[in-house]
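Chain letters run A, B, ... following the sequence lines, proteins first and then strands; every chain starts at 1.
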There are 2 protein chains.
Amino acid sequence: MTTASARDRILNTAFRLFYARGIRAVGVDLIISESGVAKATFYKHFPAKDELVLAYLDKVDGIWTGQLHEAAEAAGPEPADQLVGLFDALDTACRREGYRGCAFINAAAEAAPGTPVHARTVAHKQAVLAWLRDLAARASADDPDTLARTLALLLDGGLSDGALAADPEAAHAAKAAAKRLVSTSVPSAAA
Amino acid sequence: MTTASARDRILNTAFRLFYARGIRAVGVDLIISESGVAKATFYKHFPAKDELVLAYLDKVDGIWTGQLHEAAEAAGPEPADQLVGLFDALDTACRREGYRGCAFINAAAEAAPGTPVHARTVAHKQAVLAWLRDLAARASADDPDTLARTLALLLDGGLSDGALAADPEAAHAAKAAAKRLVSTSVPSAAA
DNA sequence: TTGATGGTAGACAGGTCTGTCTGCTAGCGT
DNA sequence: ACGCTAGCAGACAGACCTGTCTACCATCAA
């Protein structure tokens with residue numbers, strides 16, 4: 001059953017444990033034993049724990065960004081529709097068993113500002129914002145920048161509240177609000 | 001200069017360090033030495049670190065809730081105006097030196113679900129939501145529940161993004177969006 | 001005077017953390 | 001046959017963690 005490479009097993013285990021318990025709460029020894037790898041192998045692939053954390057955040061970025069794009073594209077070809085449809089990814093995420101909020105916000109809570117880990121979370125949030133801004137611009141919104149920022153607020157608020165409120169309606173409210181904001185922000189106004 | 005009681009000194013030091021560096025990142029020994037207190041005194045007031053964490057969250061709750069209420073009341077007597085005005089507290093918070101996001105969201109990121117610390121953060125978020133719901137109802141909103149939830153989303157999103165985006169405009173965008181949502185949700189419609 | 005209260009100072013135990021190091025094994029290309 | 005790469009197993013060092021314990025000191029009230 002040792003089909004996956006050692007590096008992949010380490011990263012998959014870290015992905016699961018870091019997200020479920022928090023980064024500081026998970027020791028290197030636990031990751032090593034759960035992934036069935038030798039300590040030397042671990043440190044060969046990830047010379048320091050922080051580098052594994054960075055790889056973990058890259059992995060989360062790929063997955064979450066992919067889900068966001070998929071949900072957006074599933075809403076059709078119109079950028080205005082995609083800006084609303086992407087909130088379906090939030091809904092799906094919140095309903096998932098073991099949902100614990102945004103991995104980036106959580107990581108930033110544990111990392112000191114200025115560290116590579118913290119910088120990585122900022123970069124992620126800015127990438128998402130840039131994507132939203134692009135969609136808003138292509139939707140010909142009156143003020144693409146403000147619309148994008150506002151939708152980012154709803155998205156990040158939903159990611160947090162979905163975990164803390166134990167309220168599956170948070171994602172629903174976020175999508176509904178997005179719909180209202182988008183429909184009143186684009187001239188075509190297909191409410 | 002040792003005017004404050006030992007308990008207060010401990011709590012003040014914990015408040016500063018927990019918020020700035022994260023809960024797990026701050027050891028009991030550091031709090032003890034920074035607050036100039038003996039170890040036995042520390043454990044007399046807080047038999048376990050978790051109890052200090054709970055006291056810390058209570059303190060944050062008092063301060064943040066107070067700022068929220070103040071900002072709301074500063075906007076005038078009308079509940080609809082207060083629902084918008086409370087976002088000034090977000091703006092003030094985000095501009096503060098050393099701002100690191102919502103202490104509750106950060107604490108929840110480090111605490112396992114089901115623990116007292118995690119439960120405390122959920123309780124806080126629900127208290128804020130209940131307050132918003134009350135204001136929305138008194139503002140005669142069409143759907144007070146949804147309006148309250150949506151504003152909570154904007155507020156929590158602003159708390160997160162204000163720390164991660166290094167973007168002082170996040171709070172501004174949150175308030176602007178709140179204004180739009182409130183003005184289109186209450187019949188009086190004083191846009 | 002006595003005793004309760006609240007504080008200081010710091011050793012100590014037992015565990016966990018990250019990271020290094022030594023040895024051994026198996027496959028694979030040349 | 002050889003050596004290279006990738007991996008396994010686990011001891012070890014040194015720091016840091018929470019929490020307990022002993023011992024001493026100051027103040028104030030009965």
Assess whether a salt bridge exists between [X] and [Y], defined as any Lys/Arg side-chain N lying under 4.0 Å from an Asp/Glu carboxylate O.
{"X": "A:Arg149", "Y": "B:Asp161", "answer": "no"}
{"X": "A:Asp88", "Y": "A:Lys175", "answer": "yes"}
{"X": "B:Arg9", "Y": "B:Glu34", "answer": "no"}

**OP:** Please state whether the rings of A:Tyr19 and A:Tyr99 are parallel, tilted or perpendicular, taking 30° and 60° as the class boundaries.
**Re:**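 Tilted: the ring planes of A:Tyr19 and A:Tyr99 meet at 30° to 60°.
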Original post:
Which word best sums up how the rings of A:Tyr56 and A:Phe18 line up, parallel for under 30°, tilted for 30 to 60°, or perpendicular for over 60°?
Top reply: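 The rings of A:Tyr56 and A:Phe18 stand perpendicular, inter-plane angle above 60°.
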Check: [Y] and [X] side chains under 4.5 Å, non-hydrogen atoms:
{"X": "A:His69", "Y": "A:Leu86", "result": "no"}
{"X": "B:His45", "Y": "B:Val37", "result": "no"}
{"X": "A:Leu132", "Y": "A:Leu83", "result": "yes"}

**OP:** Report the end-to-end axis angle of the helix from C:dT1-D:dA30 to C:dT30-D:dA1; each axis comes from five terminal pairs, and the value is rounded to 10°.
**Re:**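 Its terminal axes enclose an angle near 0°.
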Subject >> Pair B:Ser185, A:Arg180: side-chain N/O donor-acceptor within cut-off below 3.5 Å >> reply: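 Side-chain D/A pair, B:Ser185 to A:Arg180: present.
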Original post:
Looking at the side chain of A:Lys39, which of D:dT18, D:dA11, C:dT8 is the nearest nucleotide?
Top reply: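 So the nucleotide nearest the side chain must be D:dA11.
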**OP:** Select one nucleotide: of D:dG7, C:dT8, C:dC21, the one nearest the side-chain heavy atoms of B:Ala40.
**Re:**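 Shortest atom-to-atom distance from the side chain points to C:dT8.
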**OP:** Could you identify which residues of residues 16-32 of chain B place a heavy atom less than 4.0 Å from some atom of DNA chain C, listed by residue number, or say none?
**Re:**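 Per residue number, the list is empty: none.
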Subject >> Phosphate OP1/OP2 of C:dG6: any B:Thr41 side-chain N/O under 4.0 Å >> reply: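 No, because none of the side-chain N or O atoms of B:Thr41 sits under 4.0 Å from OP1 or OP2 of C:dG6.
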Original post:
Taking only side-chain nitrogens and oxygens of A:Arg7, does any of them come within less than 4.0 Å of OP1 or OP2 of D:dT5?
Top reply: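 Looking at the OP1 and OP2 atoms of D:dT5, neither is under 4.0 Å from any side-chain N or O of A:Arg7.
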Subject >> Contact residues, residues 42-54 of chain A to DNA chain D [heavy atom, < 4.0 Å] >> reply: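 Of all residues in residues 42-54 of chain A, the ones placing a heavy atom under 4.0 Å from DNA chain D are A:Lys44, A:His45.
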**OP:** List the atom of A:Gly101, the atom of A:Ala163, and the distance in Å for their closest heavy-atom pair.
**Re:**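 Scanning both residues completely, I find the closest heavy atoms to be N-CB, 3.4 Å.
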